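Take this structure, written in structure tokens, and hold onto it; I'll ask about it next.
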Amino acid sequence: MIYKEMKNLPDTTLQKTQRQQAKDPAALRLILRDVVEAVGGTGGMVAVWSKVERCFLPSASYGLSEDELMQLQPLLNEAAKGSGDDTDTSNGNNGHYTNETSQNPIVTLPLKTGQETIGRIYVIRPVNVMVDSNKAQPTVPSFSQGIADGVQNAMLAYLLAEERQRVEAILEGSGEGILSLDTKSRIVRFNSAMERLTGYSRDEVLGKSCSAVLGFCDWEGNSLCSTQCPMLGKAKGTDSLVELEGSIQTKDGQRIDVSMAYSLVESPGGRPLSAVVNVRDITRDRELETQRSAFLSMLGHELQSPLAIIKSYTNMLSNQGNNCDTVRQSLQVIEEECDRLSCVMKRLLLASRIESGALTLKQEPIRLDSIVNKVVRRFKGVSNIHTLVVNLTPDLPAALGDPDQIEDVFNNLIDNAIKYSPEGGRITATGRATSDYIEMSISDEGLGIPLREVDRVFERFHRVDGKATRKVRGVGLGLYLCKFIVEAHLGTISLSSELGKGSCFTVSLPIAEENEEAF
């Protein structure tokens with residue numbers, strides 16, 4: 001450490017660090033004072049060898065003025081030229097006096113631990129001071145050894161403190177939650193990620209039981225704290241790393257799905273003494289797994305139903321002989337179910353191309369009013385309980401893009417409007433132009449969508465969960481594809497809905513003249 005008397009000396013990065021390391025600077029100065037008095041000096045300094053910067057750095061001083069400190073700096077630089085990790089910096093004068101060229105003689109002594117030199121002591125002694133060499137020579141080395149031991153202890157303490165700070169910084173900077181438990185499963189560490197995850201501040205939880213704070217449960221709601229917590233010590237012979245999955249409770253009462261990995265510190269007898277627990281939020285992973293399972297179930301249903309119908313009508317055809325009406329009706333059903341299968345497979349392939357980045361779009365002028373009218377005409381013969389109405393302002397400008405993909409967007413929106421209006425009603429397609437965009441809306445008078453689901457309907461494989469909506473067939477890809485296609489055309493798609501009263505999807509696409517160079 002550099003003391004107040006040395007404030008004008010050159011300041012290195014390591015010196016700045018050393019300012020923070022001294023736990024008891026007075027003790028080192030007292031030993032240095034005894035050395036100075038033993039050789040009849042007026043002041044002295046301890047310099048420690050830095051292995052990093054390959055030089056001697058001031059660590060403590062006693063009784064020196066700023067001018068005297070500046071006089072010693074060149075000696076530090078000179079001593080560093082021939083010094084190394086194992087070099088005796090006293091140049092053979094171990095514990096003896098060396099007269100240096102200066103206004104006053106300067107005594108130098110090595111600081112050694114074992115065979116390693118860790119620094120030097122410099123003492124300024126007036127020219128006219130006479131010292132009893134027989135008394136001083138055996139005394140000074142003992143002081144020197146005391147200072148060397150003190151410096152080494154200070155350096156070890158600093159390294160330990162530095163390592164602790166490094167570990168603390170890693171724990172605090174971790175993106176995952178980390179907490180530490182003592183032998184009684186009380187929380188003794190709670191990092192920032194845990195504060196964000198649970199809503200608790202560390203002051204609220206330190207010293208409290210982990211089970212009381214987090215309430216770790218399995219997927220069925222059964223407590224894991226009282227049955228499977230590794231700190232209970234019931235599972236002898238198991239690894240010191242144990243991972244459990246379940247849910248914990250936040251400060252506001254919500255449940256979060258987490259994975260908790262326990263790193264145990266055990267006694268020689270195998271009893272858990274403490275644990276560091278990594279807590280990872282797996283809510284999103286669980287949602288994706290649920291979506292995957294739901295998708296596979298829906299896909300199996302979507303494929304199984306038309307295949308069963310096709311097989312049934314094929315068997316009927318083989319047993320009907322020459323009944324032309326039955327054959328015609330059967331072939332029509334088979335064609336419709338084949339179209340349904342084709343639509344499912346088309347959406348799956350399109351989603352795959354989107355995920356792989358292989359989807360390309362055509363670039364040509366498109367008339368949205370013509371596309372919407374075409375799709376509406378196609379669906380008018382599908383249902384007898386729905387009324388399809390087109391209300392477009394005249395002379396809508398053209399957009400630029402892929403007509404097939406845009407047609408699929410409106411085909412899916414109108415198909416959804418019919419499927420999610422099981423009681424019938426009015427389905428309206430409206431369109432108008434603003435200064436920069438063409439806005440097309442498809443509205444219905446059907447089931448509507450709960451407010452909590454509005455922001456999620458465009459997610460891949462997501463379907464609105466409800467008694468009525470479960471009856472509607474689909475794999476949850478339609479609106480996901482619509483959003484991607486519209487946004488690929490530099491447009492937007494939005495939803496407004498009221499539960500039990502219907503929904504309205506609005507597609508906005510840029511006018512061709514404004515965005516021709518964007519494609």
Side-chain angles (χ1 to χ4, degrees), residues 1-36 39 41-91 93-95 98 100 102 104 106-124 140-141 143-166:
M1 172 179 177
I2 302 177
Y3 294 97
K4 180 172 66 176
E5 298 97 324
M6 307 177 68
K7 60 185 177 180
N8 292 328
L9 288 179
D11 202 5
T12 66
T13 302
L14 187 57
Q15 284 174 305
K16 293 177 182 178
T17 305
Q18 287 176 322
R19 286 195 186 97
Q20 304 170 5
Q21 78 180 41
K23 301 297 182 182
D24 188 12
L28 197 58
R29 294 185 67 188
L30 286 175
I31 300 175
L32 180 59
R33 181 198 64 183
D34 292 340
V35 175
V36 171
V39 299
T42 58
M45 177 179 68
V46 176
V48 176
W49 176 254
S50 169
K51 294 182 180 181
V52 177
E53 301 193 15
R54 308 291 298 177
C55 64
F56 287 99
L57 300 175
S59 181
S61 69
Y62 169 77
L64 297 181
S65 66
E66 292 185 6
D67 290 340
E68 289 172 323
L69 286 170
M70 293 301 294
Q71 290 177 21
L72 293 178
Q73 186 61 42
L75 297 180
L76 298 183
N77 299 336
E78 184 66 26
K81 293 180 180 180
S83 298
D85 295 346
D86 298 316
T87 302
D88 185 350
T89 61
S90 66
N91 297 320
N93 298 318
N94 189 6
T98 301
E100 309 275 357
S102 177
N104 293 312
I106 297 176
V107 178
T108 65
L109 296 166
L111 298 178
K112 303 186 70 172
T113 56
Q115 297 300 315
E116 181 181 6
T117 300
I118 64 171
R120 298 174 71 121
I121 301 175
Y122 293 87
V123 179
I124 296 180
V140 172
F143 287 137
S144 174
Q145 186 60 48
I147 291 181
D149 293 340
V151 169
Q152 186 178 49
N153 291 336
M155 292 174 68
L156 290 174
Y158 165 68
L159 291 176
L160 289 174
E162 186 181 54
E163 182 66 16
R164 180 175 180 178
Q165 291 175 359
R166 188 180 70 85

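Quick caveat, the model's predicted, so the values are computed rather than measured. Atom set for the values below is all heavy atoms of this structure, side chains included, hydrogens, waters and symmetry mates excluded.
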Problem set entry | Which atom of Ala47 lies closest to which atom of Tyr122, heavy atoms considered |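 Where Ala47 meets Tyr122 most closely, the heavy atoms are CB-CE1, 4.4 Å.
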For this session: Specify the closest pair of heavy atoms between Phe56 and Gly119, including all atoms of both residues, with the distance to one decimal.
Result: CE2-CA, 3.9 Å
Exercise. Are Gln73 and Leu69 close enough that some pair of their side-chain heavy atoms sits under 4.5 Å apart?
Worked result: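 They are not in side-chain contact.
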Exercise. In this structure, which one of Leu76, Val36, Ile121, Leu75 forms a side-chain contact (heavy atoms from CB on, under 4.5 Å) with Met45?
Worked result: Leu76
